Protein chains: 2
Amino acid sequence: MLDHVSGRGLQRAELARRTGCNLETIRYYEKIGMIPDPPRTTSGYRIYDDTHVSRLRFILRARELGFSIDDIRGLLVLVDGGTQTCAEVKERTERHLADVRAKIADLRRIEKVLAVTAAQCSGDDAPGCPVLETLASQGDLPG
Amino acid sequence: MLDHVSGRGLQRAELARRTGCNLETIRYYEKIGMIPDPPRTTSGYRIYDDTHVSRLRFILRARELGFSIDDIRGLLVLVDGGTQTCAEVKERTERHLADVRAKIADLRRIEKVLAVTAAQCSGDDAPGCPVLETLASQGDLPG
DNA sequence: GCTACAGTCTGTAGCAACTACAGGCTCAAG
DNA sequence: CTTGAGCCTGTAGTTGCTACAGACTGTAGC
């Protein structure tokens, strides 16, 4: 490299390694404006530093917690603006928590139906099957 | 209609109404081979009957239970072939049930982290925030 | 200096599972 | 005979990535 990635400068693969992020995902996050366009070497190679590592870790962790990209974008705006208040962040978190709980409730209803139905199965060569009957029946999920 | 949709013949909107399926989704399921290509009037209108209603209900209900399109395709092959056995269906159901339970477990871990973190929030105008600190910290989810 | 090879660059296509148009027909009613 | 609802088609958008192809760059060995 002519203008070598000196000091704290990282290439994309190294950023990926340090954060556990997929290589291509980094470029994707850049493209959609989740991480700032990094400076480049004269030949066009991206140069990252610790601020990118932190930001990317923030994004990945928020994704692990099920926040959508748009949610995270909102959080990042707050963080970047330096104007965030704990109350604001708390409110968004609680809204997301409510979503997560709703999803859990959905899945628990599904789980119950599947478990109950599968338990009725004989498990033998019979062509009749409680699962297929449940699927063929009309009506919404119980619960 | 010249060759009117007589007797049990249904148009797409009516099939949608009876099953609760989105109008466009019907066409999509046809395109990907989940429901058979229905006969047409001379002017090209699709004509459905009760078999389409049943099949579509089956698909929708399986989707409600979280089966993927591919899972459902597999179930339909069994049903169509008339060769399915209860054991076979049971096995697929239990595999899916395991997936559902894994997703619930994931979400419960997420829920816990969010609930604990949000509970630490002061909820006032403070700029520091436990949620943001959690996101900024490295490491995987606990639990 | 030359070559091989790893790493980077770009744009684009693909995944699931739909959903929503635009632009053109057709059909029944007034 | 016109209006308007309903149908037809193909295609693009959604979310959040992931993976490629084809070109370029940088480094190490000879």
Side-chain angles (χ1 to χ4, degrees), chain A residues 1-6 9-35 37-48 52 56 58-76 96 99 103 106, chain B residues 1-6 9-35 37-48 52 56 58-76 96 99 103 106:
Chain A
M1 286 179 192
L2 288 174
D3 42 356
H4 49 299
V5 176
S6 60
L10 312 174
Q11 284 194 323
R12 194 148 60 101
E14 179 62 14
L15 178 60
R17 203 191 57 74
R18 290 206 194 174
T19 56
C21 188
N22 177 291
L23 197 63
E24 299 292 305
T25 303
I26 294 173
R27 203 157 60 91
Y28 168 70
Y29 284 157
E30 181 184 316
K31 189 171 137 202
I32 64 171
M34 300 290 286
I35 52 181
D37 286 13
R40 305 278 188 133
T41 65
T42 48
S43 53
Y45 283 30
R46 292 169 178 82
I47 311 166
Y48 298 102
H52 296 96
L56 187 48
F58 183 100
I59 294 167
L60 293 173
R61 191 144 167 80
R63 290 289 302 133
E64 273 181 14
L65 288 172
F67 283 99
S68 73
I69 290 288
D70 248 28
D71 289 339
I72 299 170
R73 212 190 293 275
L75 290 174
L76 287 171
H96 177 51
D99 286 352
K103 262 182 209 152
D106 276 356
Chain B
M1 285 180 191
L2 288 176
D3 41 359
H4 49 299
V5 176
S6 60
L10 311 174
Q11 285 193 322
R12 195 149 58 105
E14 180 61 14
L15 178 61
R17 201 191 59 74
R18 289 206 194 174
T19 56
C21 186
N22 177 290
L23 197 63
E24 298 293 305
T25 304
I26 294 173
R27 202 155 61 91
Y28 169 69
Y29 284 157
E30 181 183 317
K31 189 170 135 201
I32 64 171
M34 300 290 285
I35 51 181
D37 286 14
R40 306 277 187 133
T41 65
T42 48
S43 54
Y45 284 29
R46 290 168 179 82
I47 310 167
Y48 298 103
H52 295 96
L56 186 48
F58 184 101
I59 295 166
L60 292 173
R61 191 144 168 78
R63 289 290 301 132
E64 272 181 15
L65 287 173
F67 283 99
S68 74
I69 290 289
D70 250 26
D71 290 338
I72 299 170
R73 213 189 293 275
L75 291 174
L76 286 171
H96 176 51
D99 286 351
K103 264 184 207 151
D106 276 356

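Because the structure is predicted, anything quoted here is derived from the model rather than measured. So you know, we letter chains A, B, ... as the sequences are listed, proteins then strands, and number each from 1.
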At less than 4.0 Å, is any side-chain N or O atom of A/Asn22 found next to OP1 or OP2 of D/dA19? Yes or no.
yes
CD of B/Glu64 versus C1' of C/dC18: gap in Å, rounded?
15 Å
Side chain to side chain donor-acceptor pair (under 3.5 Å) against B/Arg17, all qualifying residues, sequence neighbours excluded
B/Glu14
Paired nucleotide for D/dC17 [Watson-Crick or G-U wobble; both distances under 3.5 Å]:
C/dG14
Rounded to whole angstroms, how far apart are CD1 on A/Ile26 and C1' on D/dC17?
13 Å
Can you measure A/Leu23 atom CG to D/dA19 atom C1' for me and round it to whole angstrom units?
11 Å
Measuring from atom CZ of B/Arg73 to atom CZ of B/Phe67, what distance do you get when rounded to the nearest 0.5 angstrom?
15.0 Å
Would a distance-only check, ignoring hydrogens and angles, find a side-chain to backbone donor-acceptor pair under 3.5 Å from B/His96 to B/Asp71?
no
Is the phosphate of D/dC17, meaning OP1 or OP2, less than 4.0 Å from a side-chain N or O of A/Thr25?
no
With a 4.0 Å cut-off, would you call B/Asp106 and B/Lys103 a salt bridge?
no
I'd like to know if A/Arg27 and A/Glu30 make a salt bridge, using a cut-off of under 4.0 Å between side-chain N and carboxylate O.
no
So does A/Arg61 pair up with A/Glu64, basic N to acidic O under 4.0 Å?
yes
Phosphate OP1/OP2 of C/dG7: any A/Gln11 side-chain N/O under 4.0 Å:
no
I need a per-nucleotide contact map over nucleotides 8-16 of chain D, read 5' to 3'. Cutoff is protein heavy atoms under 4.0 Å; write B for the base, S for backbone only, - otherwise.
SBBB----B
Between D/dG26 atom P and A/Glu14 atom CD, what is the distance in whole Å?
18 Å
Using whole Å, what does the distance between atom C1' of nucleotide C/dA16 and atom CG of B/Asp99 come to?
15 Å
